[in-house]
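A short worksheet on the structure shown next.
Counting from 1, the numbers follow the sequence of the chain as shown.
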Amino acid sequence: MLVLLFFIIAFHITSAALLFIATIDNAWWVGEDFFADVWRVCVNSTNCTEISEEFADYSTLQAVQASMILSTILCCIAFFIFLLQLFRLKQGERFVLTAIVQLMACLCVMIGASVYTDRRQDVHTKNEAYYFLTSEGRYGYSFILAWVSFSFTLVSSLMYTILRKRK
């Protein structure tokens, strides 16, 4: 049981770390001389422009920002709820509250990554002055980590749903 508990805690911390990296790091769309994410666009690693209200479809990027931040916060809250339930639940009860909060984190990261996937091309074409080099780009590792963290949080929420407290 102790090994299972260690695995679950390590899995949850890994999920949270992936969410932090995907949210904070500047590599959602990358190329030879540029990298862009939901926070800023950088050309030649020195010329960075913060994404602000000047951008067309700024609300789209704000939705991605908000859902990624919310998913990270919910994942951390779910971890603390799990630790509290670990000491407060009676034997045989399930970690339902932790599973629900972790599932909400999963849905938020799915929404953020899906919106970025769908609307990226529109944002780049409407803001040609900022994204003039990005036509030859590809999805970066932060974008991939967002989808990996989606699957991790989904599996984690399913584990919490199935898991019962034992001695």
Side-chain angles (χ1 to χ4, degrees), residues 8-82 97-161:
I8 290 171
I9 290 173
F11 196 76
H12 197 116
I13 290 173
T14 303
S15 300
L18 290 175
L19 281 170
F20 272 109
I21 293 169
T23 303
I24 294 170
D25 209 5
N26 192 23
W28 280 62
W29 187 254
V30 296
E32 287 294 321
D33 294 327
F34 71 90
F35 46 93
D37 71 345
V38 295
W39 304 103
R40 63 181 170 213
V41 179
C42 294
V43 179
N44 295 330
S45 300
T46 57
N47 185 13
C48 292
T49 304
E50 299 291 325
I51 294 175
S52 62
E53 292 90 13
E54 301 167 356
F55 279 67
D57 283 346
Y58 178 61
S59 60
T60 300
L61 293 175
Q62 275 188 322
V64 175
Q65 290 172 350
S67 64
M68 291 302 294
I69 290 171
L70 186 59
S71 68
T72 306
I73 291 170
L74 287 172
C75 186
C76 293
I77 289 172
F79 183 69
F80 289 121
I81 291 172
F82 172 69
L97 182 60
T98 305
I100 291 171
V101 174
Q102 191 71 350
L103 186 61
M104 288 173 25
C106 172
L107 292 176
C108 286
V109 73
M110 182 192 68
I111 289 168
S114 297
V115 167
Y116 188 82
T117 303
D118 183 50
R119 305 299 297 169
R120 181 204 53 84
Q121 186 67 36
D122 294 338
V123 169
H124 288 196
T125 54
K126 289 181 181 177
N127 297 294
E128 191 66 37
Y130 300 105
Y131 292 101
F132 58 92
L133 292 175
T134 62
S135 62
E136 298 298 320
R138 64 191 178 283
Y139 289 111
Y141 68 89
S142 292
F143 176 78
I144 295 166
L145 286 179
W147 281 111
V148 169
S149 63
F150 160 71
S151 62
F152 272 42
T153 53
L154 179 63
V155 169
S156 180
S157 67
L158 293 175
M159 282 192 314
Y160 288 128
T161 304

In Å and rounded to the nearest 0.5 Å, what is the OG1 to CD1 distance from Thr49 to Ile51?
-> 9.0 Å
If only atom types and distance count, is the side chain of Asn47 paired as donor or acceptor with the main-chain N or O of Val43 below 3.5 Å?
-> no
Pairs in or reaching into residues 27-54: which pass salt bridge (charged side-chain N to carboxylate O under 4.0 Å, His left out), with residues at least two apart or in two chains?
-> none
Report yes or no: is the cationic atom of Arg138 (NZ for Lys, CZ for Arg) under 6.0 Å from the centre of the six-membered ring of Trp29, at an angle within 45° of the ring normal?
-> no
Would you call Trp28 and Tyr139 a side-chain contact if the rule is heavy atoms closer than 4.5 Å?
-> no
Compare every heavy atom of Trp147 with every heavy atom of Ser114, then report the nearest pair and how far apart it is.
-> OG-CH2, 3.4 Å
Roughly how far, to the nearest 0.5 Å, is SG of Cys75 from CG of Leu18?
-> 9.0 Å
Checking side-chain contact (heavy atoms from CB on, under 4.5 Å) for the pair Met68/Val38: CA distance, chi angles, key distance, verdict?
-> CA-CA 10 Å; Met68 291 302 294; Val38 295; 5.8 Å; no
Hey, could you give me the CG/CD1 distance between Leu70 and Ile111, rounded to the nearest 0.5 Å?
-> 9.0 Å
Does the side chain of Thr153 reach to within under 4.5 Å of the side chain of Leu19, using non-hydrogen atoms?
-> yes
Validation row: Leu107, Phe150 side chains within 4.5 angstrom (heavy atoms) = no
dist Cys106:SG -> Leu103:CG (nearest 0.5 Å) comes out at 5.5 Å
What is the minimum heavy-atom distance between Ser151 and Val148, and which atoms define it?
-> OG-O, 2.7 Å
What residues, two or more places apart in sequence or in another chain, satisfy disulfide bond (SG atoms under 2.5 Å apart) together with Cys42?
-> Cys48
Test side-chain contact (heavy atoms from CB on, under 4.5 Å) on Val155 and Phe11 and set out the steps.
-> CA-CA 9 Å; Val155 169; Phe11 196 76; 3.9 Å; yes
The complete set of side chain to side chain donor-acceptor pair (under 3.5 Å) pairs with one or both residues in residues 64-76, sequence neighbours excluded, reads Thr23-Thr72
Val41 versus Phe35: any side-chain heavy-atom pair under 4.5 Å?
-> no
Who are the ring-ring contact (aromatic ring centres under 6.0 Å, His included) partners of Phe20, not counting sequence neighbours?
-> none
Closest approach of Ala146 to Val109 (non-hydrogen atoms, all atoms of both residues) | O-CG2, 3.6 Å
List for me each residue that meets salt bridge (charged side-chain N to carboxylate O under 4.0 Å, His left out) alongside Asp57, sequence neighbours excluded, and say none if there are none.
-> Arg119, Lys126
Interatomic spacing from OH in Tyr116 to CG in Leu61 - rounded to 0.5 Å = 7.5 Å
ring-ring contact (aromatic ring centres under 6.0 Å, His included) contacts touching residues 38-80 (sequence neighbours left out) = His12-Phe79, Phe55-Tyr130
To the nearest 0.5 Å, tell me how far Ile100 CD1 sits from Leu74 CG.
-> 12.5 Å
Please report the shortest heavy-atom distance between Phe34 and Gly137, naming the atom on each side.
-> CZ-CA, 3.7 Å
